[in-house]
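Since we're looking at a predicted model, the values are computed, not measured. Just follow the structure's listing: the first ligand is 1, and inside any ligand the first atom is 1. All residue numbers refer to positions in the sequence shown, counting from 1.
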Amino acid sequence: MNQPSGASIGTIYGADAPVSGIAYVGGAYMPLAEASIPMVDRGFVRSDATYDVVHVWNGRFFRLDDYVERFWRSMTALRMEIPHSQDEVKAILHQCVRRSGLKDAYVQMTCTRGIPPKGSRDPRACANQFTAFAQPFVWIANEEQRRRGLHVTVSSVQRIPPQSIDPRIKNFHWLDMTMALFEAYERNAEVPVLPDAQGNVTEGPGFNIFALSRGRLVTPDRGMFEGITRRTVIELAEDLQMPVEVRALPAQELARADEIFLTSTAGGIMPVTRLDGAAVGAGTPGRATMALHDLYWRRHDEGWKSTPVAGEAA
Ligand SMILES: Cc1ncc(COP(=O)(O)O)c(C=O)c1O
């Protein structure tokens, strides 16, 4: 039999993979580049999985309890169960980070449906699989984009409606977001926000959105994942006495906003300075945006709502 030409699986996914970090799979810790799950796990062949991502900054987990509680809500909603308690999952995440030696990390916990018994396609019969990994901190926006603000487009691709998939369950159904990303690049933008069928904006690939509209911060209340960074911003805005409205955000209102920013575990608070080719406000990161951004990182430096990685000095 002819061997297929090109790299072998080993060189594609093995020790040469462009990833570093530590994974937990099947009860063992290993280099992330060497970690794998079976191809026929329903998580891979049917996107039948949920996950969550918490970050570590300067050796401290940010809001770890909140992230693990959200992961549990997602698993419960998908009727998944794992043979670990929340405390055990936290201990595994601590171990992944400690063993990786990373000070700033992107830490993912995942539950896949698993593999059904031979001859069955019954999701109830699958043993759900818990895996986790820690890798270097991930930024949605690169350094230059964070400094000058992101260029965003409102996509023609609609976000999957909540009636089909509850967006509060963190999931791998990302093809709407991925195709919206391709469209954004074609429009000379860097990231898309996806509207719902009513023309309200929802979210984009890996982030929530806020607008400063008539002196008030507005963030959507429907059709999106309830981000923990979004929750953090709502709390920080209260500290800064900025009024917040959680409600539908029509794309037309977004187009008139004085400021826009995105929020994500992968990068915090990211200014947007162009929307569909036009300047947002003065075309530079806005004052409210930067006040929240600076407070977010100051709170990180102060150790607010954070816990040291086990084995690290407190
Ligand atoms: C679709 C989607 N929306 C919003 C967010 C932001 O959520 P968080 O602030 O908890 O990272 C994410 C995070 O990964 C996401 O995947």
Side-chain angles (χ1 to χ4, degrees), residues 47 49-57 61-75 77-78 93 104-111 132-135 137-141 146 150 152 154-155 157-162 164-181 184 191-196 200-211 217 219-237 244 246 249 260-272 289 292-293 295-297 299-300 304-306:
S47 299
T50 188
Y51 71 112
D52 218 300
V53 175
V54 56
H55 68 274
V56 167
W57 191 255
F61 276 101
F62 187 62
R63 306 190 78 145
L64 181 58
D65 291 353
D66 293 332
Y67 283 95
V68 172
E69 274 165 29
R70 184 173 65 179
F71 178 56
W72 237 259
R73 282 198 298 279
S74 293
M75 284 195 295
L78 293 183
L93 301 180
D104 305 319
Y106 173 106
V107 187
Q108 179 161 330
M109 57 207 106
T110 307
C111 185
F133 64 83
Q135 67 175 3
F137 190 86
V138 169
W139 297 92
I140 282 183
R146 298 201 296 277
L150 280 158
V152 170
V154 177
S155 182
V157 181
Q158 273 175 26
R159 184 77 180 105
I160 296 172
S164 300
I165 294 172
D166 183 346
R168 292 170 303 178
I169 304 168
K170 201 165 166 69
N171 64 68
F172 287 164
H173 296 270
W174 265 55
L175 287 180
D176 52 350
M177 311 254 225
T178 302
M179 297 323 291
L181 263 172
V191 281
V193 279
L194 283 71
D196 64 14
N200 301 308
V201 290
T202 60
E203 61 185 345
F207 56 80
N208 291 115
I209 185 162
F210 284 76
L217 283 176
T219 193
D221 63 347
R222 64 198 71 180
M224 50 355 108
F225 183 56
E226 293 177 346
I228 288 179
T229 322
R230 168 179 175 270
R231 193 193 303 173
T232 302
V233 165
I234 292 169
E235 292 166 3
L236 296 180
V244 181
V246 180
L249 175 55
I260 301 174
F261 61 86
L262 312 179
T263 63
S264 174
T265 299
I269 297 167
M270 296 160 281
V272 173
T289 304
L292 287 160
H293 169 279
L295 185 57
Y296 178 84
W297 289 110
R299 289 278 158 89
H300 276 65
W304 182 66
K305 291 185 189 264
S306 68

Please verify whether a non-hydrogen atom of Val53 lies at under 4.0 Å from ligand 1. no
Hey, are Lys305 and Asp65 close enough for a salt bridge, meaning a charged N less than 4.0 Å from a carboxylate O? no
Taking C-beta and beyond as the side chain, do Ile228 and Thr232 meet within less than 4.5 Å on heavy atoms? yes
Within 4.0 Å of some non-hydrogen atom of Trp174, the atoms of ligand 1 are 16 (O)
Any nitrogen or oxygen of Arg159, main chain or side chain, under 3.5 Å from a nitrogen or oxygen of ligand 1? no
Looking at Asp52 and Lys170, is any side-chain nitrogen of the basic one under 4.0 Å from a carboxylate oxygen of the acidic one? no
Given Arg159 and Glu203, is the salt bridge (Lys or Arg N to Asp or Glu O under 4.0 Å) satisfied, shown in steps? CA-CA 8 Å; Arg159 184 77 180 105; Glu203 61 185 345; 2.7 Å; yes
Minimum-distance protein heavy atom relative to atom 9 (O) of ligand 1: Thr229 OG1, 2.6 Å
Ligand-residue contact atoms, ligand 1 with Glu203, heavy atoms, under 4.0 Å: 1 (C), 2 (C), 3 (N), 4 (C)
In ligand 1, the atoms that come under 4.0 Å of a heavy atom of Lys170 are 12 (C), 13 (C), 14 (O), 15 (C), 16 (O)
Ligand-side contact atoms (ligand 1) for residue partner Gly227, heavy atom cut-off under 4.0 Å: 7 (O), 8 (P), 9 (O), 10 (O)
In ligand 1, which numbered atoms sit nearer than 4.0 Å to a non-hydrogen atom of Thr265? 8 (P), 9 (O), 10 (O), 11 (O)
Closest to atom 15 (C) of ligand 1 among protein heavy atoms sits Gly206 CA, 3.5 Å
Least distance between heavy atoms, Glu226 atom then Arg70 atom: O-NH1, 3.1 Å
Side chain of Asn171, backbone of Thr50: donor and acceptor closer than 3.5 Å? no
Taking 4.0 angstrom as the limit and counting only heavy atoms of Arg70, give me the atoms of ligand 1 inside it, by number and element. 10 (O)
4.5 Å side-chain heavy-atom contact, His293 and Arg146: no
Short N or O distance, Ile228 and ligand 1, threshold 3.5 Å exclusive: yes
With a 4.5 Å cut-off on side-chain heavy atoms, are Val193 and Phe207 touching? yes
Under 4.0 Å to a heavy atom of Met177 - the qualifying atoms of ligand 1, by number: 1 (C)
